[in-house]
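Before any comments, here is the structure.
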2 protein chains.
Amino acid sequence: MINELNGITPEEEQSIHKARKRIIEAIGKNMDLYGITLSTGLLYGLMFFQNKPMTLDEMGEAMEMSKTSMSTGIRTLMDLNMVNKVWEKGSRKDQYEVERDWHQTFTDFFAIKWRKAVEMNLQALKKSQVELRALADEHPNEETLQSYISLDMEKINQAIDYYLWLDRLIDTLESGEIFNLVPKKPDKGG
Amino acid sequence: MINELNGITPEEEQSIHKARKRIIEAIGKNMDLYGITLSTGLLYGLMFFQNKPMTLDEMGEAMEMSKTSMSTGIRTLMDLNMVNKVWEKGSRKDQYEVERDWHQTFTDFFAIKWRKAVEMNLQALKKSQVELRALADEHPNEETLQSYISLDMEKINQAIDYYLWLDRLIDTLESGEIFNLVPKKPDKGG
DNA sequence: TCGTATGTACAGAAAAAACTTTACGTTGTT
DNA sequence: AACAACGTAAAGTTTTTTCTGTACATACGA
């Protein structure tokens, strides 16, 4: 573990370290909700408590892992806008720091991952919808076929409605409108 | 693949199968957002197009997988309220069907998984917060220690604020209040 | 009460993912 | 222009996860 805690007693350092570790492990573990592996989650936790940007070498040393792993971990985190690359003058090494605005991180996650899923699913649903509609039109008098298709179509329509709603929810998150609906600071009083 | 499509031509059956398959694969793949494996996602997709509850044996045959795998997959889906067990009279076998209300499925996911993460993280944050506060109180005159602690405390406080917000957002989802804020049916007109 | 069907725990096999080492292309410095 | 440092691609290893087969506990029916 890289140690930037100087000028305090070992016991004090140990106490701080312990307090941090508890948080790092909790956060790291729960980042699987973001599709992030435990190791990368712990890396994120490490960076969270860092007071200045880190290089890949520093991360590797602190995590006791290879620089390559740090590189891939950082890329994962960057793809989710959870860490940012910082341009430090005079250093050839890339420097990274965590995005401190977690509300933003949360909404970005939806804007990135969930949006993509919604789009993919909507596309598949609509394409199949068109195909089934065409199939139904080709055989208007085949009762059995018509009933099968209409069962599937109803399911597809329900799914599309849901994804359109989800798309609007993601709009609300991405635009920040959500913070008008659910304020960052709780409403006072009753 | 279990075939409940009778009374239509093989070509028609093939067309329906193709339309379904596209959707099943899209949905199955994107269910990793729910922490669900591709296989289990495909199982879910299969059940989605089923018009009656399925038994584990039927699933195994349709998926060409062992019944044991179906059992574990179904349990995962049940834990997320994505499928329900149905009590069919006269059959000794358990029967399952997908939850058709996907809005509910979505909000349940947050109420189950995200809520748990929020609680775990808040607990860790608060416990460390207390510890650090105590440490600071023990050594009021150690300037270096105080500055270290106050840096950590600020990060912790920000994190707590975020999780409290997220907790309220999850409240909004779990209670269904979200559907007043972001209606299921889009607002008409401009 | 016994027998049989059913779901799942458990152990092992197969597949997938994570991690490391090595090698290489790129970039910035001398 | 040559060199050195850096980040990452690629290949191989280790670890983890998923999947299967077997065994077992439970519950229902005869």
Side-chain angles (χ1 to χ4, degrees), chain A residues 1-2 24-25 28-47 52-80 82-97 113, chain B residues 1-2 24-25 28-47 52-80 82-97 113:
Chain A
M1 184 74 154
I2 288 239
I24 290 172
E25 286 178 354
K29 185 174 293 181
N30 289 126
M31 275 175 63
D32 67 341
L33 289 175
Y34 290 85
I36 283 173
T37 191
L38 177 59
S39 294
T40 302
L42 295 175
L43 170 61
Y44 180 84
L46 169 74
M47 293 176 71
K52 51 181 190 307
M54 290 187 89
T55 67
L56 293 177
D57 286 312
E58 289 167 344
M59 297 174 205
E61 188 184 344
M63 297 286 295
E64 297 183 346
M65 289 175 69
S66 71
K67 186 160 72 164
T68 304
S69 290
M70 298 301 100
S71 178
T72 60
I74 281 291
R75 179 160 37 190
T76 303
L77 294 170
M78 291 249 295
D79 287 346
L80 289 174
M82 287 180 162
V83 308
N84 303 119
K85 187 183 280 194
V86 179
W87 288 110
E88 192 89 358
K89 60 197 171 194
S91 172
R92 275 173 73 175
K93 304 191 182 191
D94 293 352
Q95 312 252 125
Y96 302 91
E97 66 183 2
K113 292 287 185 185
Chain B
M1 183 76 153
I2 288 239
I24 290 172
E25 286 178 354
K29 184 174 297 180
N30 289 125
M31 276 175 62
D32 68 341
L33 288 175
Y34 290 85
I36 284 174
T37 189
L38 177 59
S39 295
T40 302
L42 295 176
L43 169 62
Y44 180 85
L46 168 75
M47 293 177 70
K52 50 180 190 312
M54 290 187 90
T55 68
L56 292 177
D57 286 312
E58 288 167 347
M59 296 174 205
E61 189 183 343
M63 298 286 294
E64 298 183 344
M65 287 176 70
S66 71
K67 187 160 72 162
T68 304
S69 291
M70 298 302 98
S71 179
T72 60
I74 280 292
R75 178 163 35 189
T76 303
L77 294 170
M78 292 248 297
D79 288 344
L80 290 173
M82 286 179 162
V83 307
N84 302 119
K85 188 182 281 196
V86 179
W87 287 110
E88 192 90 357
K89 60 196 170 194
S91 172
R92 274 173 73 174
K93 303 191 183 192
D94 293 352
Q95 313 252 124
Y96 303 90
E97 66 184 2
K113 294 288 187 184

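Note: hydrogens, waters and symmetry copies are ignored here, and every other heavy atom, side chains too, is used. In what follows, chains carry the letters A, B, and so on, assigned in the order in which the sequence lines appear, proteins first and then strands, with residues in each chain numbered from 1.
- Atom CG of D32(B) and atom P of dA16(C) are 15 Å apart (whole Å).
- Relative to the side chain of K67(B), the nucleotides dG7(C), dG7(D), dT18(D) differ in distance, and dG7(C) lies closest.
- Taking atom CG on L38(A) and atom P on dT15(D), their separation rounds to 16 Å, with Å as the unit.
- A pairwise comparison of heavy atoms in L80(A) and Y34(A) identifies CD1-O, 3.9 Å as the closest pair.
- Rounding to whole angstrom units, CD1 of residue I74(A) and C1' of dC19(C) are separated by 16 Å.
- The minimum heavy-atom distance linking Y96(A) with M59(A) is given by the pair CD1-CE, 3.6 Å.
- OP1 or OP2 of dT8(C) has at least one side-chain nitrogen or oxygen of S71(B) nearer than 4.0 Å.
- Of the two residues contacting DNA chain D, namely R92(A) and T72(A), the nearest-nucleotide position lying further toward the 5' end is that of R92(A).
- OP1 or OP2 of dA9(D) has at least one side-chain nitrogen or oxygen of R75(A) nearer than 4.0 Å.
- Between the side chains of T72(A) and S69(A), no donor-acceptor pair of N or O atoms lies under 3.5 Å.
- Taking 4.0 angstrom as the limit, S66(A) places a side-chain polar atom (N or O) nearer than this to OP1 or OP2 of dT20(C).
- Nearest to the side-chain atoms of M65(B) among the listed nucleotides dT20(D), dT20(C), dG7(C) stands dT20(D).
- Whole-Å rounding puts the E64(B) CD to dA14(C) P distance at 19 Å.
- Between the NZ atom of K93(A) and the P atom of dC6(D) there is a distance of 4 Å, rounded to whole Å.
- In this structure, K85(A) places its NZ atom 8 Å from P of dG7(D), rounding to the nearest Å.
- With distances taken from any side-chain atom of S69(B) to the nucleotides dA5(D), dT6(C), dT20(D), the minimum falls on dT20(D).
- Considering only side-chain N and O atoms, T68(A) lies nowhere under 4.0 angstrom from the phosphate OP1 or OP2 of dT20(C).
- Nearest heavy atoms, M63(B) versus L43(B): CE-N, 3.6 Å.
- Distances from the side chain of L56(A) to the nucleotides dT8(D), dA4(D), dG7(C) place dT8(D) closest.
- Atom CE in M59(A) sits roughly 17 Å away from atom C1' in dC19(C) (whole-Å rounding).
- Rounded to an integer number of Å, the gap from M78(A) CE to dG7(D) C1' is 12 Å.
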